[in-house]
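To start, the structure under review is shown below, and the notes come after it.
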Amino acid sequence: MNTEILQKAANEARGLAIDAIFDKASGHMGLPLGCAEIGAVLYGELLNINPSEPRWLNRDRFVLSGGHGSMFLYAWLHLSGFGVTMDDVRAFRAKGSNTPGHPEYRCCPGVECTTGPLGQGIANAVGFAISAKHAAARFNTPKHEIFSQNVYCLAGDGCIEEGISREAAAIAGCLKLDNLVLIYDANGITLDAPIETTQIDDVAAAFTAQGWDAVTIDGNDLQQVRNALRTARLEKNGRPKLIIAKTVIAKGVPGFEGTTKGHGEGGAKLWAEAHANWGLPTDERYYVSDEVRAYMASVKAEREAAYAQWKEVYNAWCTANPDKVVELADGIDLAANGLHADKCSALIPAFAEGAKLATRASGADAENYIADACPGFLSTSADLFSSNKNYLKNGGDFSATNYAGRNFWFGIREHAMGAICNGIAYDGLFRVSAGTFCVFVDYMRASIRVAALSELPVTYVLTHDSVAVGEDGPTHQPVETVTGLRVIPNLDVVRPADEEEAAGAWMCAMERKDGPTALILTRQNVPSLTASTPISAEARRQGTLKGAYIALHEQTEQPGRIIIASGSEVYLALEAAKQLGPDVRVVSMPSMWRFNRQEKAYQDSILPPSCTRRLAVEAGKSDLWYRYVGTQGTIIGIDHFGFSAPGEVVLSELGMNVPNIVAHAQAL
């Protein structure tokens, strides 16, 4: 190791960080300055990457969990030759730049995932490591190893304190992900106070108890950093690795290093003094020496040569394994582009006439038909495969002894599951879904929000969708949950009414390539709409894709009244319409998100503006339905918590019954 040039590169990366933060009077200098030696070893020597091919299949993945320290990443991407220019560095945090305040997926080459909410990156890294193990098990052969990547994650005290990190660590240890290295920037400082104010636990012991190896080093000593990282890379003993790197926050900034003040941008005004401490010019900013430029260029050339060698192995693998080539390409295409709705529909046979299935059951049938045809589709569960019914019958179980399995058992850890699924989706090799009870989805809400803003096509299978859960009572009866999900931008929430709409819901999920989909499914059996509506099975599927459709057309020239419903309440609306006369139209609206994106002509054809006598019915919060009923309409909803009793009793007592719908419709 050329210690002198790497130390010089570390200090110049510090200079880039403090200069950009000073220019914008905004940012977090603590991590970039404190962890520069870690960056020097990773980007200046160790990482198996090719900046000229940022999405190379076998690249090592680096995740910056402490996303507030984004200038660490941007500085090293610039020095490594990833196409992040000096102008990009200068544009840090500026509108429209590819160097935003926190790293964002697809924003600039070399950024693997969106980070910011602390701890998310640790679970994302577990997802990357799972994806790598699965890919290696599926596609490597005795003669050709095309997947051998390692995953590195840099996290701070805040990431370690967030509960998601312990959930994710437990899963990683259980699955023996020895391709995962977590570097803990243990500078002893959080935003408000020294770490001992809020943390007295032994982090090394905690991770060791969860199946990890742990070592503590001086994170500002290049040789110790190198030794620890090389050992972690080479030692494949079935245990993920934790490197506790003791660093100095805001190292080199007088009066700020080692203090809580070093976390933010305040000390950036002392850039000249800091430059002097790092051996950089005090009259020049954004300085990179010719020596560092030349060294990093030589490292890039070595990486390109290593990539060329891998490419030879890959080409030989392609020649020897044409079936695996197709399977890998199909998986990558499925992850990126989804499955066209018509192709998806063709995979799912029409359900038997007169079926009376819970939508969790019909949805499971649809999911399995898709999975059988799409080997790149994976399913995960928070200990609820048996209840959510989202187990892939022909998929096998992913475990430490079978990395080729397609069903992932994550235990009762919804938050980690959500972020791990994000990691799998970021990796771009497979399409993934996650299952839990609808009422528990708030445990993973932060991960769902990140999936939505990162445009990740993750599918959430959320069952036991309403007060119909019954005897388990209000702790398990979601009333506000679906509405809470609907307000997340770019999240499609689909609540199907019967088996054919459930098939349509999976079509919605599989065709998406720019965001996640939540499927809201019943535990209780619901009647097929076939007997209550003339709309065909295929038309119900296509109507679901559009978000809303006419389930029962009025027999008069124009509707006198419109009843809008979703999920299990659509059948009740259809039954009520039989008693209300020929001027009633029933609209099934499984997805507000999709209906809102239709052309106005289609929206008006479903909900004619001339008909203001409208009633919405849903076993949940009523708030969002006012958009569709207007000021002259009314809503039958549930705006308070339920109670423990049989599901049909709870539904009826809370107004979800035919007589109540009839009465409200007549009163319009």
Side-chain angles (χ1 to χ4, degrees), residues 353-354 359 494-505 526-620 622 624-637 651 655-668:
E353 190 169 335
T359 52
V494 190
R495 186 170 182 247
D498 74 347
E499 71 285 349
E500 296 299 346
E501 284 197 13
V526 293
S528 173
L529 301 186
T530 301
S532 302
T533 175
I535 305 301
S536 69
E538 183 59 29
R540 298 206 296 280
R541 295 183 181 190
Q542 295 300 322
T544 301
L545 285 171
K546 291 189 173 183
Y549 65 97
I550 300 171
L552 183 65
H553 209 298
E554 70 288 348
Q555 299 169 31
T556 56
E557 187 173 334
Q558 288 292 329
R561 286 168 290 190
I562 299 176
I563 305 175
I564 317 165
S566 82
S568 51
E569 291 73 70
V570 174
Y571 175 76
L572 299 177
L574 288 167
E575 290 299 297
K578 295 177 182 178
Q579 303 179 28
L580 288 167
D583 71 333
V584 176
R585 172 180 292 188
V586 176
V587 171
S588 176
M589 188 177 288
S591 171
M592 293 179 176
W593 185 88
R594 286 180 170 265
F595 183 67
N596 295 343
R597 282 156 180 76
Q598 300 303 315
E599 293 182 356
K600 188 175 186 303
Y602 180 79
Q603 294 176 353
D604 288 349
S605 73
I606 304 300
L607 300 176
S610 60
C611 182
T612 59
R613 299 165 68 198
R614 302 180 184 181
L615 170 65
V617 186
E618 186 175 58
S622 59
L624 297 183
W625 288 102
Y626 285 100
R627 173 171 184 169
Y628 308 103
V629 302
T631 58
Q632 298 181 54
T634 190
I635 301 165
I636 301 175
L651 284 169
M656 299 298 139
N657 59 64
V658 172
N660 193 43
I661 295 172
V662 170
H664 276 75
Q666 289 174 335
L668 284 170

Residue set satisfying salt bridge (Lys or Arg N to Asp or Glu O under 4.0 Å) with Glu618, at least two apart, ordered chain then number -> Arg486, Arg495

Between [X] and [Y], is any pair of side-chain heavy atoms under 4.5 Å apart?
X	Y	value
Ile563	Ile661	yes
Ser566	Trp625	yes
Pro559	Arg614	no

Minimum heavy-atom separation for [X] and [Y], please, with both atom names.
X	Y	value
Asp583	Thr556	CA-OG1, 3.5 Å
Leu545	Gln598	O-NE2, 4.3 Å
Leu607	Arg585	N-NH1, 4.5 Å
Tyr571	Ser532	CE1-OG, 3.5 Å
Thr544	Gly504	CG2-C, 3.7 Å
Tyr602	Ala548	OH-O, 2.6 Å

Problem set entry | CA sep, side-chain torsions, deciding dist, call: Val617, Leu615, side chain to side chain contact (heavy atoms under 4.5 Å, CB included) | CA-CA 7 Å; Val617 186; Leu615 170 65; 4.0 Å; yes

Applying side chain to side chain donor-acceptor pair (under 3.5 Å) to Ser588 and not counting sequence neighbours gives Glu501

Please tabulate, for side-chain N and O atoms in residues 628-636, each donor-acceptor pair with protein atoms closer than 3.5 Å (sequence neighbours left out).
| residue | atom | partner | partner atom | Å |
| --- | --- | --- | --- | --- |
| Tyr628 | OH | Asn596 | OD1 | 2.7 |
| Tyr628 | OH | Asn596 | ND2 | 3.2 |

Margin query: Looking only at side-chain N and O atoms, does Gln558 offer a donor or acceptor that is under 3.5 Å from a partner on Glu554?
Written below: no

Do the charged groups of Arg541 and Glu499 touch, with an N to O distance under 4.0 Å? no

